[in-house]
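On a predicted model such as this, the values are computed, not experimentally measured, just so you know. Both ligands and their constituent atoms are indexed starting at 1 by order of listing.
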Amino acid sequence: MKILITGAGGSLGSGLAEALDVAHELVLSDYFDMKTDSEYRRADMRVLDEVLPLARGCDFIVHTPAWHGMHGGQKSEADFWQLNVDGTFNILQSALQHNVRRMVWISSVSIAHWEKDKYGFTKFIGEHLCGYYHRVHNFRICMLRPWDFTPYGSDFIRYGERLLGGGVDRRDVIAATVRAIEAVNEGTVQYDAFEIGKDHPFTPEELAAFKTDPKGVIENLWPGYGDIIDKYDIKFPERPLVCDLKRTKEVLGYSPRYNFGSFLAELQKRDAGGRPVR
Ligand SMILES: NC(=O)c1ccc[n+]([C@@H]2O[C@H](COP(=O)([O-])OP(=O)(O)OC[C@H]3O[C@@H](n4cnc5c(N)ncnc54)[C@H](O)[C@@H]3O)[C@@H](O)[C@H]2O)c1
């Protein structure tokens, strides 16, 4: 299958290109010149004339470019609108022109704050634009709403701490996107949105106990890591954020591999091997 990945130079786009490269023919796109062995089509998503040719000859599109959470302070409402909303409209027009009616569109869990947040609002509009193309032009579109998968650099402790907050491992988001492509192709998904986060097995009682005894709750779930938690002075939130993954697992077959438990196991390995964690 020939898959167009927009925002191919970004965090998700580049990881996805790696994941799909063996099984598919890829067309990569971004707005800077990029070195790649795949076919490359440069385009500024905000400019319709540049975007229209992108989907030519493709079977499937994964659309990723957006200003997101970390750009909130630097980018204006106009910036957010032009890339996130106009960019989405433009790629949908390109898809229509070239009869490419299967797509994965990357939304965000920030859509929950759509009423007052400029980022969440653009994701809300974007999902509705996708809905219009589904209803009027018969597109099949899977929309993913990931938690924060921003790369955590070399600070592995911060990565782990964020898994108890708003973080999700980028590798799980990439795997979910691959599953979403399959679900659209199989016809399991016609037009739907799915939360993508980490999976933590906390019971309501454990969540309630977290505020007063976080280490006790963690040690109960993942025994044997008490010393390493102390050694690296791991900070716990008052209450871990829990994702609602029921539908994502049932419909998409999403099975996340990384959570706070996998972080502790990896931390212990790194520590034993004398590898730096910060
Ligand atoms: N990063 C996160 O934690 C996170 C969380 C939830 C949702 N998302 C969503 O996931 C998607 C991908 O996020 P990411 O972290 O990979 O983003 P990123 O910032 O790493 O990459 C975005 C890519 O889009 C490209 N781009 C920017 N402006 C462009 C333009 N005018 N024309 C063409 N390309 C342009 C950039 O060059 C970059 O390669 C976004 O839609 C984002 O809203 C991200």
Side-chain angles (χ1 to χ4, degrees), residues 4-19 27-36 40-55 61-76 78-92 94 103-114 117-127 129-130 141-153 158-159 162-163 165-177 180 193-198 241 243 248 258:
L4 168 66
I5 303 175
T6 60
S11 171
L12 178 56
S14 59
L16 192 61
E18 256 181 67
V27 176
L28 306 185
S29 180
D30 211 300
Y31 74 156
F32 53 83
D33 288 326
M34 207 175 111
K35 263 182 91 80
T36 167
Y40 184 71
R41 299 178 184 172
R42 203 201 65 78
D44 184 333
M45 278 297 147
R46 299 164 296 189
V47 183
L48 181 62
D49 286 351
E50 290 189 20
V51 178
L52 279 180
L54 280 187
I61 298 171
V62 182
H63 183 71
T64 78
W67 300 127
H68 45 90
M70 65 192 236
H71 305 112
Q74 310 130 35
K75 299 290 173 189
S76 66
D79 294 326
F80 269 78
W81 185 273
Q82 285 157 10
L83 180 57
N84 301 13
V85 178
D86 291 345
T88 296
F89 175 77
N90 293 344
I91 197 67
L92 286 163
S94 174
M103 184 180 287
V104 171
W105 188 81
I106 309 300
S107 183
S108 167
V109 77
S110 298
I111 196 169
H113 310 294
W114 70 271
D117 169 55
K118 69 184 174 202
Y119 173 45
F121 186 67
T122 61
K123 291 299 185 187
F124 177 83
I125 302 285
E127 287 199 6
L129 271 173
C130 290
I141 308 185
C142 184
M143 301 167 295
L144 300 181
R145 298 174 176 170
W147 287 80
D148 180 7
F149 62 86
T150 307
Y152 306 91
R158 180 162 177 249
Y159 156 82
R162 289 180 69 165
L163 285 175
V168 55
D169 192 293
R170 172 178 172 266
R171 292 166 291 184
D172 279 334
V173 180
I174 292 167
T177 311
F194 300 94
E195 181 171 335
I196 306 298
K198 70 268 159 171
L241 272 171
C243 305
T248 315
Y258 303 96

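Note: an N/O pair closer than 3.5 Å links Leu12 and ligand 1 by distance alone. Where the criterion is an N or O separation shorter than 3.5 Å, residue side chain and backbone included, Phe149 meets it with respect to ligand 1.
When hydrogens are left out, the protein atom nearest atom 37 (O) of ligand 1 is Asp30 OD1, 2.6 Å; that is the closest non-hydrogen contact. Looking only at protein heavy atoms, the nearest one to atom 31 (N) of ligand 1 is Asp44 OD1, 2.8 Å. Shortest contact from atom 23 (C) of ligand 1 to any protein heavy atom: Gly7 CA, 3.8 Å. Atom 21 (O) of ligand 1 has as its closest protein heavy atom Gly10 CA, 3.2 Å. In terms of protein heavy atoms, atom 20 (O) of ligand 1 is closest to Ser11 N, 2.9 Å. Among all non-hydrogen protein atoms, the one lying nearest atom 6 (C) of ligand 1 is Pro146 O, 3.3 Å. In terms of protein heavy-atom proximity, atom 11 (C) of ligand 1 is nearest to Thr64 O, 3.2 Å. Atom 32 (N) of ligand 1 has Met45 N, 2.9 Å as its closest protein atom, hydrogens excluded (heavy atom only).
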Show the numbers, then the answer: is there a side chain to side chain contact (heavy atoms under 4.5 Å, CB included) between Ile141 and Leu92? CA-CA 11 Å; Ile141 308 185; Leu92 286 163; 4.2 Å; yes
Chi angles and distances behind the side chain to side chain contact (heavy atoms under 4.5 Å, CB included) call for Asp79, Gln74: CA-CA 9 Å; Asp79 294 326; Gln74 310 130 35; over 6 Å; no
Working for side chain to side chain contact (heavy atoms under 4.5 Å, CB included), residues Lys198 and Asp172: CA-CA 8 Å; Lys198 70 268 159 171; Asp172 279 334; 5.6 Å; no
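Between Ala43 and ligand 1 there is a heavy-atom distance shorter than 4.0 Å. A heavy-atom separation below 4.0 Å is found between Lys123 and ligand 1. Contact analysis puts Ser107 in contact with ligand 1, with a non-hydrogen atom separation below 4.0 angstrom.
When the options His68, His71, Glu50 are ranked by their closest heavy atom to atom 1 (N) of ligand 1, first place goes to His68. Considering only non-hydrogen atoms, atom 43 (O) of ligand 1 lies nearest to Tyr119 out of Trp147, Tyr31, Tyr119, Trp105. Closest heavy-atom approach to atom 9 (C) of ligand 1 within the set Asn84, Ile106, Val168: this belongs to Ile106.
Using a 4.0 Å cut-off to heavy atoms of Phe32, the atoms of ligand 1 that qualify are 37 (O). Residue Arg46 approaches ligand 1 through these ligand atoms, each under 4.0 Å from one of its heavy atoms: 31 (N). Taking every non-hydrogen atom of Leu83 and a distance limit under 4.0 Å, the qualifying atoms of ligand 1 come out as 27 (C), 28 (N), 29 (C), 30 (C), 31 (N). Within the listing of ligand 1, atoms 39 (O) sit less than 4.0 angstrom from a heavy atom of Gly9. Distances below 4.0 Å separate heavy atoms of Ala66 from the following atoms of ligand 1: 40 (C), 41 (O), 43 (O).
Ring planes of His68 and Tyr119: tilted class, angle from 30 to 60°.
Partner of Trp147 under the side-chain contact (heavy atoms from CB on, under 4.5 Å) criterion, out of Val168, Val173, Ile196: Val168 alone.
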